[in-house]
Amino acid sequence: MSGLVTGDAVVLGLQPARLPSRALAVLIDLVVVWAAYLLIMLGLAVATASLDEAAVAAVSVASFLLILVGAPIAVETLSHGRSLGKLACGLRVVRDDGGPIRFRHALVRGAMGVVEILMTFGVVACVASLVSERGRRLGDVFAGTLVVRERIPTARVLAVPPPPPWLVGRFAGLDLSAVPETLWLEIRQYLTRARELDPAVGRRLAERLADELVARTGAPPPPGVPAEAYLAGVVAERQARDARRAFAPPAGAGQVGGAGAVGGALGVPVVGVVPPAAASPAPSPAASPAASPSAAPASVAPPEGPPPAPATGFAPPA
């Protein structure tokens with residue numbers, strides 16, 4: 001992998017294409033281009049049979065430049081660095097910062113390709129690709145480009161073996177913030193391949209990794225715990241924390257503030273429910289007006305002012 005740094009200070013891990021795959025892609029492109037060139041030249045020979053030699057020579061030079069030079073430049077520009085041969089071999093031309101190429105990059109590569117590939121039968125391009133650290137030819141150097149592999153076989157991911165059951169949850173209070181990612185990667189690689197190592201070598205490697213982990217966390221393993229079991233328990237604790245952090249609900253999602261909060265969250269209007277008033281005690285028969293014969297009904301004063309308007313909305317004259 002080649003570490004390319006973008007303008008935003010982001011390191012890209014790209015795998016440069018080497019000479020065999022690039023040579024195969026160029027060979028496919030040359031076969032297609034030369035086949036198209038010969039077919040077009042046969043058609044032009046028939047069409048320009050009545051012209052003089054100067055016109056035929058001009059047409060031949062123009063056809064050479066347009067087909068063998070201009071066509072690859074146009075294809076790489078329109079496809080952003082993927083010609084037919086590169087597409088078949090899983091390659092792509094990118095800039096030095098990992099971005100897609102433009103017309104000027106394809107123009108420089110195509111112009112240098114006439115000298116490197118067509119005029120010298122690819123000898124200069126092969127020598128430059130072998131000498132370059134990232135397999136670049138002169139056209140890539142002058143254009144500021146790089147041919148990388150797009151189809152990279154994925155590595156087989158091995159699962160980390162679980163810790164012993166009696167160690168599950170023993171490291172819940174361990175501070176793992178100071179452990180670097182490189183150390184985690186070394187521990188994972190050791191745990192996934194511990195059964196393939198020699199027992200003595202694996203034991204020494206586990207002790208070394210356990211000492212580095214203790215130096216980062218400041219907490220030694222429990223007494224009597226082997227180094228391999230200690231590493232497996234700590235890795236399992238880190239994976240459990242990552243899982244809880246990844247699948248934890250957002251803040252405030254699990255807190256419901258009554259029926260109004262639920263209704264607002266669901267977009268359904270909530271009808272206010274008034275709690276029933278406290279039941280008043282039933283009036284005693286002695287206090288009831290009907291039960292007391294001496295109780296006189298209260299006099300009702302006649303209403304003052306004009307009579308109310310009837311229901312029809314017509315008001316009588318004053």
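Positions are given from 1 along the sequence.
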Are the side chains of Val225 and Trp166 in contact, using a 4.5 Å heavy-atom criterion? yes

CZ on Arg188 to CD on Glu181, rounded to 0.5 Å: 10.5 Å

Can Leu185 be reached from Leu213 by stepping across I, L, V, M, F, W or Y side chains whose heavy atoms are under 4.5 Å apart? no

Hey, is the main chain of His80 close enough, under 3.5 Å, to the side chain of Arg92 for a donor-acceptor pair? yes

Is there a donor-acceptor pair under 3.5 Å between the side chain of Ser21 and the backbone N or O of Ala17? no

Between CZ on residue Phe142 and CZ on residue Arg136, distance to nearest 0.5 Å: 11.0 Å

Ion pair Arg193/Glu196, N-O distance below 4.0 Å: yes

So, for Ala206 and Glu228, which heavy atoms are closest and what is the spacing to 0.1 Å? CB-N, 4.2 Å

Is there a donor-acceptor pair closer than 3.5 Å between any side-chain N or O of Arg137 and the backbone N or O of Cys126? no

Is there a path of hydrophobic side-chain contacts, each under 4.5 Å between heavy atoms of I, L, V, M, F, W or Y residues, that connects Leu24 with Trp34? no

Over all heavy atoms of both residues, which pair between Ile117 and Ala125 is shortest? Give the atoms and the distance, please. CG1-CB, 4.2 Å

Check whether any side-chain N or O of Arg82 sits under 3.5 Å from a backbone N or O of Gly90 as a donor-acceptor pair, and report yes or no. no

Shortest non-hydrogen pair, Ala25 vs Cys89, comes out as N-SG, 3.8 Å

Ala88 and Ile28: which non-hydrogen atoms are nearest, and at how many Å? CB-CD1, 4.2 Å

Thr217 and Asp175: side-chain donor and acceptor closer than 3.5 Å? no

Answer yes when Arg22 and Asp140 have at least one side-chain N-carboxylate O distance shorter than 4.0 Å, and no when they do not. yes

Going through the distances and angles, do Val234 and Val179 end up as a side-chain contact (heavy atoms from CB on, under 4.5 Å)? CA-CA 11 Å; Val234 175; Val179 182; over 6 Å; no

Using modelled atom types and a 3.5 Å cut-off, is there a donor and acceptor pairing between side-chain atoms of Ser129 and backbone atoms of Gly135? yes

With rounding to the nearest 0.5 angstrom, report the OH to CD1 distance, Tyr230 to Ile187. 8.5 Å

Is there a donor-acceptor pair under 3.5 Å between the side chain of Tyr37 and the backbone N or O of Val32? no

Under 6.0 Å from the CZ atom of Arg244, do we count more than 12 heavy atoms belonging to anything else shown? yes

Hey, what do you get for CD (Glu212) to CG (Leu231), rounding to the nearest 0.5 Å? 10.0 Å

Can you get from Leu183 to Val214 by hopping between Ile, Leu, Val, Met, Phe, Trp and Tyr side chains that sit under 4.5 Å apart? yes

May I ask whether Leu138 and Val127 are part of the same hydrophobic cluster, defined by side-chain heavy atoms of I, L, V, M, F, W, Y residues being less than 4.5 angstrom apart, directly or through others? no

Please report the interatomic distance CG(Asp29) to NZ(Lys86), rounded to the nearest 0.5 Å. 5.5 Å

Main-chain N/O of Gly139 paired to Glu116 side chain as donor or acceptor, under 3.5 Å: yes

Looking at side-chain heavy atoms only, is the closest gap between Thr77 and Ile101 below 4.5 Å? no

Using side-chain heavy atoms (C-beta onward) and a distance below 4.5 Å, is Phe247 in contact with Asp242? no

Among the clusters formed by ILVMFWY side chains lying less than 4.5 Å apart, do Leu84 and Leu27 turn up in the same one? no

Decide if atom CZ of Arg18 counts as having more than 12 heavy atoms of other residues, nucleotides or ligands within a radius under 6.0 Å. yes

Nearest non-hydrogen partners of Leu44 and Ser63, listed with the distance: CD1-OG, 2.9 Å

Check: Pro222 and Phe171 side chains under 4.5 Å, non-hydrogen atoms: yes

So does Val56 get a backbone contact from the side chain of Ser60, meaning a donor-acceptor N/O pair under 3.5 Å? yes

Just so I know, are the side chains of Leu174 and Arg241 near enough to count as touching, which here means a heavy-atom distance under 4.5 Å? yes

Check whether any side-chain heavy atom of Asp96 sits under 4.5 Å from a side-chain heavy atom of Arg134, and report yes or no. yes

Would you indicate whether the side-chain heavy atoms of Leu146 and Val93 approach each other to under 4.5 Å? no

With rounding to the nearest 0.5 Å, note down the distance linking CH2 in Trp184 to CD in Gln189. 14.0 Å

Which pair of heavy atoms, one from Ala143 and one from Arg109, lies closest together, and at what distance? CB-CG, 3.8 Å

Walk me through it: do Leu91 and Val148 pass the test side-chain contact (heavy atoms from CB on, under 4.5 Å)? CA-CA 6 Å; Leu91 308 181; Val148 298; over 6 Å; no

Is any side-chain heavy atom of Pro16 less than 4.5 Å from a side-chain heavy atom of Val147? no

Within 6.0 angstrom of Arg102 CZ, more than 12 heavy atoms from elsewhere: no

Is it the case that over 12 heavy atoms from other parts of the model lie below 6.0 angstrom from the CZ atom of Arg238? yes

